[in-house]
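One structure is given here, and the rest of the page talks about it.
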There are 2 protein chains.
Amino acid sequence: MARGLDILGDPWSMLVLREVFFGNGRFEAMRDRLGVADSVLAGRLAALVGSGLLTRQPYGDSGRSRQEYVLTAKGEDALPVLNAVVLWSEKHLPAPSEQAHMFVLHRGCGARTSSADSCTGCGERLTAENTSWHSLTRTADPVPLATACPGKQIGTAA
Amino acid sequence: MARGLDILGDPWSMLVLREVFFGNGRFEAMRDRLGVADSVLAGRLAALVGSGLLTRQPYGDSGRSRQEYVLTAKGEDALPVLNAVVLWSEKHLPAPSEQAHMFVLHRGCGARTSSADSCTGCGERLTAENTSWHSLTRTADPVPLATACPGKQIGTAA
DNA sequence: TAGCTGACTTTCTTCAAGAAAGCTAGACCC
DNA sequence: GGGTCTAGCTTTCTTGAAGAAAGTCAGCTA
């Protein structure tokens, strides 16, 4: 557990993972969204890549220096940890505004779940593939989570 | 979620909570077990009490200056977060030794669960009351988790 | 009354976070 | 084809927190 916390226990690491799950894997996008210092973000990304939770992937136009960070299977498996934090926060921390709420939705049955790793509506196991997060501060509609390497499947290969 | 991570995201906070769940709520015991600096432990404990996850409770002999930290209902509800970290770590991080493994057990049916907040054997919801952790480095047998205020129930009253 | 112990608090040093600027390589523009 | 733009870092500097070690204090113990 201590070893797990070395990777996941850092506040920024979890927030970076959150952004990647939201499909927000580009350096600038994360920096702007999280308000984190460049050097810290660079360090956290390198650590998460080093720990095998993220991989780098060139995106958009041809071989330019533009990279996007995407989840590996190992990173995707951290979803219950993030869900558990979201559910605990929703239950116990007062939201600073109506917009600040965030929900975990199972796309299979559409239910809002109160479990970190299974749907309390239908019991199905939650994965990044069948889960959406709904954050009012972000978009009006729920966001399907990013899975390991969107588009082309690389997944556990790395 | 960011607010939740302000409290739970700190590596030491999670480890302190782990110790309290293990029934190890005394200052010296935690310091010895975690190898954390006194000043840092004192700060973390104060923060967790301030956030309402722990309360202080005198223990043993009469009104001496000896305190023990015990969970509140709010702190107890953080169990799924810790479970999720344990399960992820067990799945994805190599254990440095045979002894380093840790399991989450449901005492109701005795099954080892692979879900953070329900028993994968019987489906029952996991609470501190019906959950044991089994850490080989600690004891040979699984340890029933500490619940909100052992002995006298205070719980949500604070 | 002279320790001893548990639970801190203080002090000091070192390391990491935060802010701000600089660097680089390809894209775009005219 | 020279200038500008932009994404994705890297460097530098300052400030704040972590870590180590010693000090404090109240009550028990002998």
Side-chain angles (χ1 to χ4, degrees), chain A residues 2-3 5-20 22-51 53-71 146 149-150, chain B residues 2-3 5-20 22-51 53-71 146 149-150:
Chain A
R3 283 166 290 126
L5 288 175
D6 281 343
I7 298 171
L8 295 174
D10 184 87
W12 285 128
S13 299
M14 287 252 225
L15 290 168
V16 167
L17 281 180
R18 180 190 70 177
E19 290 308 310
V20 179
F22 266 123
N24 222 16
R26 299 202 312 289
F27 189 93
E28 263 212 325
M30 290 193 259
R31 188 195 51 189
D32 294 350
R33 180 89 209 177
L34 298 176
V36 60
D38 294 21
S39 51
V40 176
L41 178 55
R44 268 336 102 130
L45 286 168
L48 287 169
V49 169
S51 311
L53 284 90
L54 299 179
T55 42
R56 299 168 49 146
Q57 189 176 282
Y59 79 95
D61 31 42
S62 57
R64 186 147 152 216
S65 72
R66 303 186 179 195
Q67 309 280 342
E68 184 173 25
Y69 291 86
V70 296
L71 292 159
C149 296
Chain B
R3 281 166 290 124
L5 288 175
D6 281 345
I7 298 170
L8 296 174
D10 184 87
W12 285 127
S13 299
M14 287 251 225
L15 289 169
V16 168
L17 282 179
R18 180 190 70 175
E19 290 309 309
V20 179
F22 266 123
N24 222 17
R26 301 202 311 289
F27 190 94
E28 263 210 326
M30 290 194 260
R31 188 195 51 188
D32 295 348
R33 180 91 209 174
L34 298 175
V36 59
D38 295 21
S39 51
V40 176
L41 179 56
R44 269 336 102 127
L45 287 168
L48 287 169
V49 170
S51 310
L53 283 90
L54 299 178
T55 42
R56 300 167 50 144
Q57 190 176 283
Y59 79 94
D61 31 42
S62 59
R64 185 143 155 221
S65 72
R66 304 187 179 193
Q67 309 280 340
E68 184 172 23
Y69 290 87
V70 296
L71 291 158
C149 297

- Task: Please determine which of B/Gln57, B/Met30, B/Glu19 meets the side chain to side chain contact (heavy atoms under 4.5 Å, CB included) test together with B/Tyr69.
- Result: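 Testing B/Tyr69 for a side chain to side chain contact (heavy atoms under 4.5 Å, CB included) against B/Gln57, B/Met30, B/Glu19 leaves exactly one candidate, B/Met30.
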- OP1, OP2 of C/dG6 versus side-chain N and O of B/Tyr69: anything below 4.0 Å? no
- Query: Side-chain N or O of B/Arg26 less than 4.0 angstrom from OP1 or OP2 on C/dC8?
  - Reply: no
What's the [atom1]-[atom2] distance between [X] and [N], to the nearest Å?
| X | N | atom1 | atom2 | result |
| --- | --- | --- | --- | --- |
| B/Glu19 | C/dA7 | CD | P | 14 Å |
| A/Leu34 | C/dA17 | CG | P | 14 Å |
| A/Glu28 | C/dT24 | CD | P | 19 Å |
| A/Gln67 | D/dA7 | CD | C1' | 10 Å |
| B/Asp32 | D/dG19 | CG | P | 16 Å |
| A/Phe27 | D/dT6 | CZ | C1' | 13 Å |
| A/Arg31 | C/dA20 | CZ | P | 12 Å |
| A/Asp6 | C/dA16 | CG | P | 13 Å |

- Given that A/Trp12 and A/Asp38 both sit by DNA chain C, which one's nearest nucleotide is further toward the 5' end? A/Trp12
- Query: Tell me, which of residues 41-48 of chain B have any heavy atom that sits under 4.0 Å from an atom in DNA chain D?
  - Reply: B/Arg44
Do you know the tightest heavy-atom contact between [X] and [Y]?
| X | Y | value |
| --- | --- | --- |
| A/Val20 | A/Ala146 | O-CB, 3.3 Å |
| B/Arg44 | B/Ser13 | CD-OG, 3.7 Å |
| A/Asp38 | A/Phe27 | O-CZ, 3.8 Å |

- How many angstroms lie between CZ in A/Arg33 and CG in A/Asn24, if you round to the nearest 0.5 Å?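 Atom-to-atom, A/Arg33:CZ and A/Asn24:CG are 7.5 Å apart.
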- Message: Given D/dA18, C/dA19, D/dG19, identify the nucleotide with an atom nearest to the side chain of A/Ser39.
- Response: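 That would be C/dA19.
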- Query: To the side chain of B/Asp10, which of C/dG18, C/dC8, D/dA18 is closest?
  - Reply: D/dA18
- Message: Is the shortest side-chain heavy-atom distance between B/Leu34 and B/Arg18 below 4.5 Å?
- Response: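 Yes, their side chains come closer than 4.5 Å.
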- Message: Taking the side chain as everything from C-beta on, heavy atoms only, tell me whether A/Leu54 gets closer than 4.5 Å to A/Leu71.
- Response: yes
